[in-house]
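Take a look at the structure below.
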Amino acid sequence: KRAMEDGIPLHQAKTLAALDHMTLSRIFEGKGEIPLLDERLENLRQAGQILLDRFQGSFIHVLEEAKGSAVKLISLVSEEFPSFNDIATYNGETVYFFKRCQLLTHDLWCTFSGKSWGRFSDLDQLTAFADYKLPQVLRQLGLIRYEPKLAARINRLEQIPSGSPEEVEIRAATIWAVELLRQELVRRGQKVTSAQLDSWLWNLGQDDSYR
């Protein structure tokens, strides 16, 4: 929003591909310093260049290839944009989370009210978006529990490394807990998707009592 108000056309692939550190710092300016700024800058530049090279400079062409399928869009984005390829390895097996791909798809659906570029025939196939916020809420609600050593580390606010077995387990447990909650709500006559549940739980997480 700030970028657009300042006349920085972030919706244009050529702008993303040529973005510089100072401009991005200005866009994200606020209280404190946003983490991983260099990595964010690289991801944005890369996305812009891929749009230019593969999709004639417009994300609309990505959506056209997806043909109204959320699953196809997630597959396409994860394959073509490396920073969206959210996978992990656990006991030698590949675990597919695709958090940002799914969030992108859901954001499009919300923004366009399920119409036009936000119309998907299979949105119910999305899982919860496995980020750091949902486990906080699910734990506070008693829907997930950690074994004592892991719980102690989290209570000490110790960082759990990205890609570690513990982090993969927390993310996977988050997705499954939301799915079980969805199944129970459906059993009680409340039709809801995992993505909608994710939004409700995420909003709860904005309250300090869940932090």
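Note that the structure is predicted; figures quoted are calculated from it, not measured.
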> Side-chain contact, heavy-atom cut-off 4.5 Å: Leu51 with His61?
Replying inline: no
>> Around atom OH of Tyr96, are there more than 12 heavy atoms from other residues, nucleotides or ligands closer than 6.0 Å?
In response: no
> Checking side chain to side chain contact (heavy atoms under 4.5 Å, CB included) for the pair Leu126/Ile74: CA distance, chi angles, key distance, verdict?
Replying inline: CA-CA 9 Å; Leu126 270 61; Ile74 291 163; 3.9 Å; yes
> Taking the side chain as C-beta and beyond, is there a heavy-atom pair between Glu147 and Glu169 under 4.5 Å?
Replying inline: no
> Is the side chain of Thr15 donor-acceptor paired with the backbone N or O of Pro9 at a distance under 3.5 Å, no angle test?
Replying inline: yes
>> How long is the straight-line distance from CG of Leu138 back to OH of Tyr210, given to the nearest 0.5 Å?
In response: 10.5 Å
> Counting distance only, does the side-chain N/O of Gln159 pair as donor-acceptor with the main-chain N or O of Pro161 below 3.5 Å?
Replying inline: no
Identify all side-chain donor-acceptor contacts of residues 151-158 below 3.5 Å with residues at least two apart in sequence or on another chain.
from	atom 1	to	atom 2	distance (Å)
Arg153	NE	Glu158	OE2	2.9
Arg153	NH2	Glu158	OE2	3.2
Asn155	OD1	Arg139	NH1	3.1
Asn155	OD1	Arg139	NH2	3.1
Asn155	ND2	Ala151	O	3.2
Arg156	NH2	Glu158	OE1	3.1

> Do other residues, nucleotides or ligands put more than 12 heavy atoms under 6.0 Å from the CZ atom of Arg119?
Replying inline: no
>> Counting only heavy atoms from other residues, nucleotides and ligands, does the tally under 6.0 Å from CZ of Arg26 exceed 12?
In response: yes
>> What's the separation between atom CG in Leu180 and atom CG in Leu143, rounded to the nearest 0.5 Å?
In response: 9.5 Å
>> If you count heavy atoms of other groups shown closer than 6.0 angstrom to CD of Glu33, is the number above 12?
In response: no
>> Any carboxylate oxygen within less than 4.0 angstrom of a Lys/Arg side-chain nitrogen, looking at Arg2 and Glu5?
In response: no
> Heavy atoms, side chains only, cut-off 4.5 Å: are Glu64 and Phe55 in contact?
Replying inline: no
> Closest heavy-atom contact between Val186 and Lys191?
Replying inline: CG2-CA, 4.5 Å
> Which atom names give the shortest non-hydrogen contact between Ala17 and Leu52, and what distance separates them?
Replying inline: CB-CD1, 4.0 Å
>> Can you give me the closest heavy-atom contact between Leu76 and Ala66, atom names plus distance?
In response: CD2-N, 4.4 Å
>> Between Glu167 (side chain only) and Gly163 (backbone N and O only), is there a donor and an acceptor less than 3.5 Å apart?
In response: yes
>> If hydrophobic clusters are built from ILVMFWY residues whose side chains come within less than 4.5 Å, do Leu185 and Leu201 share one?
In response: yes
>> With heavy-atom distances below 4.5 Å as the criterion, would you say the side chains of Gln196 and Arg182 are in contact?
In response: no
>> Distance alone, cut at 3.5 Å: any donor-acceptor contact between the side chains of Thr193 and Asp124?
In response: no
> Between Pro82 and Gln46, which heavy-atom pair has the shortest distance, and what is it?
Replying inline: CD-OE1, 3.5 Å
>> If you define the side chain from C-beta out and look only at heavy atoms, does anything of Ile175 sit under 4.5 Å from Ser194?
In response: no
>> To the nearest 0.5 Å, what is the distance between OG on Ser116 and CH2 on Trp109?
In response: 15.0 Å
> Can you tell me how far the CG atom of Leu123 sits from the OG atom of Ser69, to the nearest 0.5 Å?
Replying inline: 10.0 Å
> With distance as the sole criterion, is a donor-acceptor pair present between the side chains of Tyr146 and Glu166 under 3.5 Å?
Replying inline: no
>> If hydrophobic clusters are built from ILVMFWY residues whose side chains come within less than 4.5 Å, do Phe112 and Phe120 share one?
In response: yes
Using atom types as modelled, flag every donor-acceptor pair under 3.5 Å from a side chain in residues 98-108 to any protein atom, sequence neighbours excluded.
from	atom 1	to	atom 2	distance (Å)
Arg100	NH1	Ser83	O	2.8
Arg100	NH1	Ser83	OG	3.4
Gln102	OE1	Thr127	N	2.8
Gln102	NE2	Phe97	O	3.3
Gln102	NE2	Thr127	OG1	2.9
Thr105	OG1	Cys101	O	2.9

>> In this structure, would Leu197 and Leu141 fall into the same cluster of hydrophobic residues linked by side-chain contacts under 4.5 Å?
In response: yes
>> If you compare all heavy atoms of Ser78 against all heavy atoms of Ser75, which two are closest, and at what distance to 0.1 Å?
In response: OG-O, 2.9 Å
> Is any side-chain heavy atom of Leu150 closer than 4.5 Å to a side-chain heavy atom of Ile160?
Replying inline: yes
> If you look at every heavy atom in Arg54 and Glu80, which pair is closest and at what distance?
Replying inline: NE-OE2, 3.2 Å
> If you measure from CD on Gln190 to CG on Leu181, what distance do you get to the nearest 0.5 Å?
Replying inline: 10.5 Å
> Counting only heavy atoms not in Glu93, do more than 12 sit closer than 6.0 Å to its CD atom?
Replying inline: no
>> Are Trp117 and Phe81 connected into the same hydrophobic cluster when the rule is that any two of I, L, V, M, F, W, Y join if their side-chain heavy atoms are below 4.5 Å apart?
In response: yes
> Looking at NE2 of His21 and CZ of Arg45, how far apart are the two atoms once the value is rounded to the nearest 0.5 Å?
Replying inline: 8.5 Å
> Under a single-linkage definition using a 4.5 Å side-chain heavy-atom cutoff for Ile, Leu, Val, Met, Phe, Trp and Tyr, are Ile170 and Val95 assigned to the same hydrophobic cluster?
Replying inline: no
> To which residues is Leu24 joined in a hydrophobic cluster, defined by side-chain heavy-atom contacts under 4.5 Å among Ile, Leu, Val, Met, Phe, Trp and Tyr, whether direct or through other members?
Replying inline: Ile8, Leu10, Leu16, Leu19, Ile27, Phe28, Ile34, Leu37, Leu41, Leu44
>> Under a plain distance cut-off of 3.5 Å, with no hydrogens placed, do Gln136 and Gln140 share a side-chain donor-acceptor pair?
In response: no
